[in-house]
2 protein chains.
Amino acid sequence: MPKQTVVSRYHHGNLRQSFIDAACEYLKHASAESLSLRELAREIGVSQTAHYRHFKSKNALFAAIAIDGFELLHKVISEAQEKHEEDFSVTFTEVGLAYVNWAITNPEKYQMLHDSLLIDIAQYPALLTASKQSFEDLTNLIEKGIAIGFFIPRAVPELAGAMWVCVHGIASLLMTRSKMLSAADVDNPAAQAIEQLSQDPRATIELLVQSIRR
Amino acid sequence: MPKQTVVSRYHHGNLRQSFIDAACEYLKHASAESLSLRELAREIGVSQTAHYRHFKSKNALFAAIAIDGFELLHKVISEAQEKHEEDFSVTFTEVGLAYVNWAITNPEKYQMLHDSLLIDIAQYPALLTASKQSFEDLTNLIEKGIAIGFFIPRAVPELAGAMWVCVHGIASLLMTRSKMLSAADVDNPAAQAIEQLSQDPRATIELLVQSIRR
DNA sequence: GGCCTAAGTTGACAACGTAAACATCTAAGC
DNA sequence: GCTTAGATGTTTACGTTGTCAACTTAGGCC
């Protein structure tokens with residue numbers, strides 16, 4: 001009898017990340033509400049309670065996804081910023097676009113990232129710091145824009161809030177679209193607007209940024 | 001023996017609306033995810049499956065809330081529009097503000113209204129028509145604004161989309177706040193921005209509307 | 001080489017959404 | 001005014017879920 005090539009699988013080896021990945025994959029096409037830990041466990045091929053060695057609860061899994069999300073978002077934004085340093089106008093638009101694109105590419109993470117603000121941020125300190133860092137990326141840019149006279153001279157939270165509204169609004173509406181599987185009704189004006197938004201998010205960002213231009 | 005003063009309670013009389021009301025009350029302070037039909041039934045004082053005579057499923061209850069929501073929203077917007085007819089600038093701002101205020105006053109309905117777009121709009125025709133009507137309120141206003149030269153002359157879906165982004169973004173972020181029960185961190189810039197937004201949503205609306213002004 | 005501990009499993013529990021069969025009330029038609 | 005069909009509410013049951021406690025396995029450290 002040949003040597004057993006399949007090594008012992010009692011220990012999975014990377015179960016924590018497997019759960020996060022499987023959950024993200026699921027959440028791309030369905031809501032957090034309907035996610036079943038047991039179903040994930042079945043997919044991965046472990047027992048129905050294996051995840052308890054890695055996540056204290058279902059919400060803890062979601063929090064882990066959100067933390068991952070904040071870190072990825074921060075990276076994406078930083079990269080966009082470094083890539084377009086020459087002209088502040090371009091920088092700002094590209095950062096906004098990077099935010100939106102990341103959100104629609106990773107709707108499940110963005111959803112968690114936003115939902116996490118609602119529910120249990122106090123319970124997960126790492127989540128709080130991750131969220132602060134992400135928002136600082138925005139306020140720093142706004143401050144710079146005010147300093148160089150690119151934006152109107154108003155309080156930072158006011159301008160940051162307005163721009164957050166814009167990118168979050170776009171991301172949120174586009175996620176609606178990405179989850180509406182087949183409902184691209186031609187006669188639905190709301191769907192039309194979302195379609196328009198989807199095909200050229202940069203145009204809308206550029207438009208809305210005008211409102212805080214000096 | 002005196003006549004029985006308590007009439008028969010076998011039939012509740014208004015169970016459908018009671019379920020909607022109880023669900024809304026619950027959803028004001030918690031997520032749809034955690035809502036339990038059996039708990040609602042217990043509160044109302046009926047059996048755990050009584051709702052099946054009125055709602056085919058849990059999602060159907062949510063859809064009913066969303067339909068209610070769309071109708072209420074339409075009413076609120078129409079009223080705001082009629083109340084401020086004199087100056088188009090005022091009209092438009094007030095309609096946006098009415099949208100936002102309604103959303104934060106009825107977060108559970110707004111949430112359902114938005115979530116319904118994601119999940120099962122195709123299954124509930126009444127939901128589709130209700131959502132179309134609400135969006136038409138916006139496009140009609142935009143068309144008028146373009147016609148009188150108040151807005152820049154661009155495609156309606158483009159401008160409507162941009163303004164939808166704004167009011168939905170504000171509403172969405174403010175709902176985040178309203179559900180963050182105690183977390184008004186002073187040192188959290190994101191919370192600061194939301195607080196600012198909350199105290200004067202009109203200012204942000206007026207600011208963002210500038211971006212599509214002629 | 002034996003043990004400690006992290007990682008995974010088993011079995012159990014209460015709660016949930018849903019379904020089918022049953023009970024009760026209400027109103028419409030004769 | 002009685003009958004009866006249909007609407008409304010109940011009971012019982014099933015499969016699934018999140019979570020817990022107790023158990024088993026495996027790999028690294030002395």
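Numbered from 1 within each chain, the chains take letters A, B, ... in sequence-line order.
- In this structure, the separation between OG on Ser211(A) and CZ on Phe151(A) is 9.0 Å, given to the nearest 0.5 Å.
- In this structure, CZ of Phe19(A) is placed 13 Å from C1' of dA7(C), rounded to the nearest angstrom.
- Per the geometry, CD1 belonging to Ile44(B) stands 11 Å off P belonging to dT10(D), to the nearest Å.
- If you measure from atom OH of Tyr52(B) to atom P of dA20(C), you get 11 Å, rounded to the nearest angstrom.
- Taken from CZ in Phe70(A) to CG in Asp137(A), the straight-line distance is 11.0 Å, to the nearest 0.5 Å.
- Comparing Arg42(A) and Lys56(A), the nucleotide of DNA chain D nearest to each residue sits closer to the 5' end for Arg42(A).
- Applying the 4.0 Å criterion to OP1 and OP2 of dG17(C), one finds that Ser57(B) has every side-chain N and O outside that range.
- dA6(C) atom C1' lies 15 Å from atom CG of Asn14(A), rounded to whole Å.
- In terms of position along DNA chain C, the nucleotide closest to Leu15(A) lies nearer the 5' end than the nucleotide closest to the other residue of the pair Arg53(B) and Leu15(A).
- Here dA7(C) presents its P atom at 15 Å from NE2 of His51(A), a figure rounded to the nearest Å.
- Aromatic ring pairs are classed by plane angle as parallel below 30°, tilted from 30° to 60° and perpendicular above 60°; the pair His168(A) and His168(B) is parallel.
- Under the 4.5 Å side-chain criterion, counting only non-hydrogen atoms from C-beta, Glu94(A) is not in contact with Lys83(A).
- Closest approach to the Lys58(A) side chain among dT18(C), dT10(D), dG18(D) is made by dG18(D) (side chain taken as heavy atoms from C-beta onward).
- Between Phe55(A) atom CZ and dG8(C) atom C1' the separation is 15 Å, expressed in whole Å.
- Taking 4.0 angstrom as the limit, Ser47(A) places none of its side-chain polar atoms (N or O) nearer than this to OP1 or OP2 of dT10(C).
- With dG8(C), dT18(C), dT19(D) as the choices, the nucleotide that has an atom nearest any side-chain atom of Arg38(A) turns out to be dT19(D).
- Side chains of Leu208(B) and Ile205(B) form no contact here, defined as non-hydrogen atoms less than 4.5 Å apart.
- When rounded to the nearest whole Å, the span between CD of Gln48(B) and C1' of dT10(D) equals 9 Å.
- Note: CG (Leu35(B)) to C1' (dG17(C)) measures 12 Å, nearest angstrom.
- The side chain of Ala50(B) lies closest to dT10(D) when the candidates are dT10(D), dG18(D), dA12(C).
- Proximity note for Thr49(A) (side chain, C-beta onward) versus dG9(D), dG8(C), dA21(D): the nearest is dA21(D).
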